[in-house]
Amino acid sequence: QVQLVESGGGLVQPGGSLKLSCAAWRFGLDYSAIGWFRQAPGKEREGVSCINSDYGSTYYSDSVKGRFTISRDNAENAAYLQMNSLKPEDTAIYYCAARTGPCSSGNYYSVLAYDYWGQGTQVTVSS
């Protein structure tokens, strides 16, 4: 059974940083695009970022562009989301997801575009 496991969430003050990790079990990420989503209470799941298997193409939502950086390490079968200058509105459960095809500006934000999901990790930004 394919499994994606997120880690690295927690409580951080506004302006602080966190780095989320997404590890894959029984599934090779080499040829998969990896996306990060978040869901705040009472809101729909929002696409945050995506990185393709070629390392070259990445996509970000306007709400995180310039503050978050997505990366991956195929040798470690993992992906990461470095989050800087965090704001209270970044508070949410963060999920990683994988899709067998590439992501693009037209699909990275769609939950329907991904085949596998992790269970999520809570990020809380508060003073």
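Numbers here simply count residues along the sequence, with the first being 1.
Trp36 and Trp117 sit in two unconnected hydrophobic clusters of ILVMFWY residues. Membership requires side-chain heavy atoms under 4.5 Å apart, directly or through other members. In this structure, Phe68 is not a member of the same hydrophobic cluster as Tyr95, with clusters built from ILVMFWY side-chain heavy atoms closer than 4.5 Å. Val64 and Ile51 fall within the same hydrophobic cluster, defined by Ile, Leu, Val, Met, Phe, Trp and Tyr side-chain heavy atoms under 4.5 Å apart, directly or through other members.
Between atom CG of residue Leu86 and atom CG of residue Leu18 there is a gap of 6.0 Å, rounded to the nearest 0.5 Å. Interatomic distance, CG of Leu81 versus CD1 of Ile34, reported as 12.5 Å (0.5 Å rounding). Atom OH of Tyr60 sits about 12.0 Å away from atom CZ of Arg67, to the nearest 0.5 Å. Of the inter-residue distances, the one linking Ser32 atom OG with Asn52 atom CG reads 10.0 Å to the nearest 0.5 angstrom. Note that the CE atom of Met83 and the CD1 atom of Ile70 stand 12.0 Å from one another [nearest 0.5 Å].
For CD of Glu44, the number of neighbouring non-hydrogen atoms (other residues, nucleotides, ligands) closer than 6.0 Å is 12 at most.
Residues Gln119 and Leu4 have side chains not in contact (no heavy-atom distance under 4.5 Å, counting atoms from C-beta outward).
Side chains of Thr124 and Ser126: no donor on one and acceptor on the other come within 3.5 Å. A donor and an acceptor atom, one from each side chain of Gln82 and Asn84, are located under 3.5 Å apart. A donor and an acceptor atom, one from each side chain of Ser63 and Glu89, are nowhere located under 3.5 Å apart.
When Tyr109, Tyr114, Tyr108, Tyr94 are each tested for a ring pair (Phe, Tyr, Trp, His ring centres under 6.0 Å) with Phe37, only one passes: Tyr114.
For Arg45 (side chain) and Gln39 (main-chain N/O), no donor-acceptor pair under 3.5 Å exists by modelled atom type. At distances below 3.5 Å, at least one donor-acceptor pair connects side-chain atoms of Glu6 with backbone N or O atoms of Cys96. Proximity of a side-chain donor or acceptor of Arg38 to a complementary backbone N or O of Ala92 within less than 3.5 Å is not detected. Judged by distance alone, with hydrogens and angles left aside, the side-chain atoms of Arg72 form no donor-acceptor pair with the main-chain N or O of Asn74 at under 3.5 Å. With hydrogens and angles disregarded, a donor-acceptor distance shorter than 3.5 Å links the side chain of Ser49 to the backbone of Tyr59. In this structure, the side chain of Thr91 engages the main chain of Pro88 through a donor-acceptor pair within 3.5 Å.
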>> Determine whether Trp25 and Val5 satisfy the following criterion, side chain to side chain contact (heavy atoms under 4.5 Å, CB included), listing intermediate values before the conclusion.
In response: CA-CA 8 Å; Trp25 300 92; Val5 180; 3.7 Å; yes
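A pairwise comparison of heavy atoms in Ser127 and Pro14 identifies N-CD, 3.7 Å as the closest pair.
Salt-bridge annotation for Lys87 and Asp90: absent, with no side-chain N of the basic residue lying under 4.0 Å from a carboxylate O of the acidic one.
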